[in-house]
Participant: 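Next up is a structure, given as structure tokens.
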Amino acid sequence: MHQQMTPWQKVHSKFGINSAGLAKLLGRHRSKISRALKDEKGLISGRDQELILNTARENGVEITPNDLMPGY
């Protein structure tokens, strides 16, 4: 059975860079990003959603509401 990607995994794949690069872009510690990517639910906090959306806009990355939600 194929497991759906978590919100953090979806966002990571949209940026198309490694986790250390994503951490640097977001201004977050890479261990935080690494843990989030490995987390079973991989939910994104409100603060991180704002960082992701702003960073995506600045870098021409399209993030949709479904990317930020589990189960889509």
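Values below: all heavy atoms of this structure, side chains included; hydrogens, waters and symmetry mates excluded.
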Participant: Could you measure the distance from the CH2 atom of W8 to the CD1 atom of I52? Nearest 0.5 Å is fine.
Facilitator: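 Reported to 0.5 Å precision, the distance equals 4.0 Å.
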Participant: Should L26 and L68 be regarded as members of a common hydrophobic cluster, given that ILVMFWY residues are connected when their side-chain heavy atoms come within less than 4.5 Å of each other, either directly or indirectly?
Facilitator: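 Yes, one cluster joins them.
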Participant: Are any side-chain N or O atoms of H12 and backbone N or O atoms of I17, one a donor and one an acceptor, separated by less than 3.5 Å?
Facilitator: yes
Participant: Step through the shown structure and confirm whether more than 12 heavy atoms of other residues, nucleotides or ligands are within 6.0 Å of NZ on K32.
Facilitator: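 Correct, the count exceeds 12.
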Participant: Should we count CZ of R28 as having more than 12 external heavy atoms under 6.0 Å?
Facilitator: yes
Participant: State yes or no: do L43 and V11 share one hydrophobic cluster built from I, L, V, M, F, W and Y residues joined by side-chain heavy-atom distances below 4.5 Å, directly or via other members?
Facilitator: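 Hydrophobic grouping puts L43 apart from V11.
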Participant: Can you list the steps and then say if L22 with L37 is a side-chain contact (heavy atoms from CB on, under 4.5 Å)?
Facilitator: CA-CA 11 Å; L22 181 59; L37 290 171; 5.6 Å; no
Participant: N59 side chain to T55 main-chain N or O, any donor-acceptor pair under 3.5 Å?
Facilitator: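 Between the backbone of T55 and the side chain of N59 there is a qualifying donor-acceptor contact (under 3.5 Å).
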Participant: Tell me the closest heavy-atom pair linking P7 and K41, and the distance in Å.
Facilitator: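 The pair with the smallest heavy-atom distance is CD-O, 3.5 Å.
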Participant: How many angstroms lie between atom CG of N18 and atom CZ of R30, to the nearest 0.5 angstrom?
Facilitator: 10.0 Å
Participant: Once you round to the nearest 0.5 Å, how far does NZ of K38 lie from OG of S19?
Facilitator: 8.0 Å
Participant: Would you find a donor on one side and an acceptor on the other, under 3.5 Å apart, between the side chain of Q49 and the backbone of G46?
Facilitator: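 A pair under 3.5 Å: no.
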Participant: Mark yes or no for whether N54, through its side chain, and L51, through its backbone, hold a donor-acceptor pair below 3.5 Å.
Facilitator: no
Participant: Distance-only, no hydrogens or angles: does the K14 side chain make a donor-acceptor pair with backbone N or O of V61 under 3.5 Å?
Facilitator: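 Between the backbone of V61 and the side chain of K14 there is no qualifying donor-acceptor contact (under 3.5 Å).
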Participant: About how many Å separate CG of D39 and CD1 of I44, when rounded to the nearest 0.5 Å?
Facilitator: 11.0 Å
Participant: Counting distance only, does the side-chain N/O of K10 pair as donor-acceptor with the main-chain N or O of P70 below 3.5 Å?
Facilitator: no
